[in-house]
Trainee: 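Dumping the structure here so I can ask a few things about it.
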2 protein chains.
Amino acid sequence: MTTLVDVARKANVSKMTVSRVINHPDKVTDELKELVYQAMRELDYHPNMIARALVDKSTRIIKLCILEDIDTTEPYYMNLMIGIAKTLDLHQYSLQLVTRKNFDIGNCDGYIITGMREQDVDWIKNLKKPVVLFGENRYGFDYVDTNNKAGTYILSQLALEKGYQHLIYVGIDSKESFEYSRESGYLQQVQEKRMVPELHRFDNHSHLAEEFVEQNWDKIPKNTAFICASDRLAIGIERGIVRCGGKIPDDFGVTGFDGVFLNQVASPKITTIKQSIIEMGSACGENLLDKIESNEQQGALVFEPKISFGGTLRE
Amino acid sequence: MTTLVDVARKANVSKMTVSRVINHPDKVTDELKELVYQAMRELDYHPNMIARALVDKSTRIIKLCILEDIDTTEPYYMNLMIGIAKTLDLHQYSLQLVTRKNFDIGNCDGYIITGMREQDVDWIKNLKKPVVLFGENRYGFDYVDTNNKAGTYILSQLALEKGYQHLIYVGIDSKESFEYSRESGYLQQVQEKRMVPELHRFDNHSHLAEEFVEQNWDKIPKNTAFICASDRLAIGIERGIVRCGGKIPDDFGVTGFDGVFLNQVASPKITTIKQSIIEMGSACGENLLDKIESNEQQGALVFEPKISFGGTLRE
DNA sequence: ATCTTCCATGTTATCGGTAACAGTTTATTC
DNA sequence: GAATAAACTGTTACCGATAACATGGAAGAT
């Protein structure tokens, strides 16, 4: 492996000059810089990150901590990791997957945390390394997320444009920030149109939504669209309607949120918000690395939602 | 952060002695060792992996390279990563997720490769760091996998015990080693019972298996069990049988292989081989780390298959 | 023309460990 | 009991980089 010294020898300069060419190129004359660059090229030199890390007491490790139960069937986290890993690789950082349990084993330069709930706030506040959350929050932590409010807002709008006359919101029964945002997107749309909002909340299981439809079938008028906070709930609603003999999308509309896996087994497919988790993961990594290098708050990174058209809203 | 020198000072020895207590404890007297251990405890000392890595030119990075298309809906790779990460964490290694494209960016101490095909063999042979494959192979590479042959063998056996009188094997149309093994497990069972084998092969898509059943429905006698090389194919067979009016499990049996995701949406659930990918991932990590530290071939690690009972074979 | 000041470069020490060698003590041998 | 081997422990150099300080020469000030 070629080292700084090899390059220095070849370029006839001290190794410090080489180091400077890499880290503070403005402090070296163009002439020498050219020599050094050439030597680096000829020797195919790549700085040894380990040595550098030893000096500046860094680790070049980023820990990804998934606080939710990850034993799910969703490719969500896989995509997230792929996205993060992609960025980190480019900057020669490596990704370490940890759980709350082995969180403190080994050092790192920063954290990406996802699935944060209220109870985790203090813990996160006390972390001594930069943190970026994946998922919006209202505690001032930097984060990356889809614009949740805009998502339900535009889906509600679309449903109304398609002529559905009642909009029922089916939310997740949790106090997480994204849920509030999704609710408020629906509410805003409904209020702008001077309609009466109707909200229901369940744990995020399709069968609960399905039961809800079955038990309230007689009270649900035709021409209703359900704006759901997740694809999972949307699938449940869809199944409930089908089972009760309702016609989708002619008499009833359904929209979801997520666009990851479940959408692929539903029939017809749910019209939903598509989130490019990979892309968002990349952004997450970049945000964190910027933060590490600049030591400054980077702010939130919000992705504008895109509708993924399925067959659960009229054409 | 406490260092070797801090510990040495506290224990009144040289830092070399502390280093030896950690790496070659047999070369230090018990008396000093005790002193050092105590100092380490009191100071909560943890060796700096970066410094160590600088000396022995290691990186403490393991690259996981997934050669197949990972944009699937299976949680398979997620589980694999969780398993690997678990072990690596314990040994203060970190996991880097790479694709063939960015494979060479940055150094590492070893590779875990999955999804290898014939065309990758030469490339893998030329890698200069230890490699463990996830998935069996016949090129002499160390690997971790389920005992594929035993899997179809015991499923075939089970089907026969349940009284099905014909066994049809539905395989994946590929030349990968695991497929050969699964075929041979079926074949061995069938031959032991002096039955006539019947094999069909398709790309690993459920609809192909489904079409096969529909097109050959009249030729398939009652009391047949289908031994499938994947859950995906099994689901297709199941759907085909249901669509043609066949009764599962009374008149027809179906078994799969994998037990990861698809099993959860099938109705009835497929009787299949359950693979604990997480556990296998851990084993993979351990195997590789042993190899790195001992510099010796570790051999294959084969997990014995376990049947996951669904509703596609008679009670 | 001499004294600063500034800028580009080189030298030294350091990060936290480990290997190789040196020195010291204890045990073994004849 | 002196010579020699064996067993510990300490010293020094080094891994590959960077920061802080030292040096030397050119430009600017007086």
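Each chain gets a letter, A, B and so on, in the order its sequence line appears, and its residues count up from 1.
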Trainee: Of all residues at least two apart in sequence or in a different chain, which pass the salt bridge (charged side-chain N to carboxylate O under 4.0 Å, His left out) check with Asp142(B)?
Mentor: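 Salt bridge (charged side-chain N to carboxylate O under 4.0 Å, His left out) check on Asp142(B) returns Lys291(B).
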Trainee: Name all residues meeting the salt bridge (charged side-chain N to carboxylate O under 4.0 Å, His left out) criterion together with Lys33(A); count only those two or more places apart in sequence or in a different chain, and write none if there are none.
Mentor: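 Lys33(A) satisfies salt bridge (charged side-chain N to carboxylate O under 4.0 Å, His left out) with Asp30(A) only.
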Trainee: Would you please test Ile61(B) and Asp109(B) for side-chain contact (heavy atoms from CB on, under 4.5 Å) and show each step?
Mentor: CA-CA 6 Å; Ile61(B) 291 175; Asp109(B) 292 350; over 6 Å; no
Trainee: Work out how much the helix from dA1(C)-dT30(D) to dC30(C)-dG1(D) bends between its end axes, five pairs an end, to the nearest 10 degrees.
Mentor: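 That helix gives 50° between its end axes.
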Trainee: In sequence, state the C-alpha distance, the side-chain angles, and the governing distance for Asn148(A) and Tyr180(A), and then conclude on side-chain contact (heavy atoms from CB on, under 4.5 Å).
Mentor: CA-CA 9 Å; Asn148(A) 286 294; Tyr180(A) 290 138; over 6 Å; no
Trainee: Which residue, Asn12(B) or Thr2(A), contacts DNA chain D at a nucleotide closer to its 5' end, judged by nearest heavy atom?
Mentor: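 Nearest-nucleotide comparison on DNA chain D picks Asn12(B).
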Trainee: Just to verify, what does Lys10(A) make a salt bridge (charged side-chain N to carboxylate O under 4.0 Å, His left out) with, not counting sequence neighbours?
Mentor: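 Lys10(A) satisfies salt bridge (charged side-chain N to carboxylate O under 4.0 Å, His left out) with Glu42(A) only.
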Trainee: For DNA chain C, which residues in residues 22-46 of chain A have a heavy atom at a distance below 4.0 Å?
Mentor: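 Only Val28(A), Thr29(A), Leu32(A) qualify.
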Trainee: Can you give me the first and the last nucleotide of DNA chain D (5' to 3') that has an atom within less than 4.0 angstrom of a non-hydrogen atom in chain A?
Mentor: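 That gives a stretch of dG16(D) to dA20(D).
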Trainee: Could you list all the ring pair (Phe, Tyr, Trp, His ring centres under 6.0 Å) pairs where at least one residue sits in residues 109-133 of chain A, not counting sequence neighbours?
Mentor: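 Output for this query lists Phe103(A)-Tyr111(A), Phe103(A)-Trp123(A).
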Trainee: Report, one line per pair, each donor and acceptor closer than 3.5 Å where one atom sits in a side chain of residues 46-55 of chain B; sequence neighbours left out.
Mentor:
| residue | atom | partner | partner atom | Å |
| --- | --- | --- | --- | --- |
| His46(B) | NE2 | Asp44(B) | OD1 | 3.2 |
| Asn48(B) | OD1 | Ile50(B) | N | 2.7 |
| Asn48(B) | OD1 | Ala51(B) | N | 3.1 |

Trainee: State which residues pass salt bridge (charged side-chain N to carboxylate O under 4.0 Å, His left out) with Asp290(B); sequence neighbours excluded, sorted by chain then number.
Mentor: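 Asp290(B) satisfies salt bridge (charged side-chain N to carboxylate O under 4.0 Å, His left out) with no other residue.
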Trainee: Would you say Ser282(A)'s side chain and Ile84(A)'s backbone share a donor-acceptor pair under 3.5 angstrom?
Mentor: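 A pair under 3.5 Å: no.
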Trainee: What's Ser14(A) touching, base or sugar-phosphate or nothing? Going by heavy atoms closer than 4.0 Å.
Mentor: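 Touches a base.
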Trainee: Can you name the residues that form a side-chain contact (heavy atoms from CB on, under 4.5 Å) with Glu34(B), not counting sequence neighbours?
Mentor: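 side-chain contact (heavy atoms from CB on, under 4.5 Å) list for Glu34(B), sorted by chain: Tyr37(B), Arg41(B).
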Trainee: Name all residues meeting the side-chain contact (heavy atoms from CB on, under 4.5 Å) criterion together with Ser19(B); count only those two or more places apart in sequence or in a different chain, and write none if there are none.
Mentor: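 In terms of side-chain contact (heavy atoms from CB on, under 4.5 Å), with neighbours along the sequence ignored, Ser19(B) is linked to Leu4(B), Met16(B), Asn23(B).
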Trainee: As a test of understanding, state which of Val21(B), Val28(B), Asp26(B) forms a side-chain contact (heavy atoms from CB on, under 4.5 Å) with His24(B).
Mentor: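 Among the candidates, only Asp26(B) passes.
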Trainee: Can you pull the contact range of chain A along DNA chain C, 5' to 3', using atoms under 4.0 angstrom from its heavy atoms?
Mentor: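 Boundary nucleotides touching chain A, in 5' to 3' order, are dA8(C) to dG16(C).
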Trainee: Please confirm whether the backbone N or O of Val13(A) pairs with a side-chain atom of Thr17(A), one donor and one acceptor, at under 3.5 Å?
Mentor: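 No: the side chain of Thr17(A) does not pair with the backbone of Val13(A).
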Trainee: Name the nucleic acid region contacted by Lys15(B), choosing base, sugar-phosphate or nothing; use a 4.0 angstrom heavy-atom cut-off, strictly under.
Mentor: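 Result for Lys15(B) = base.
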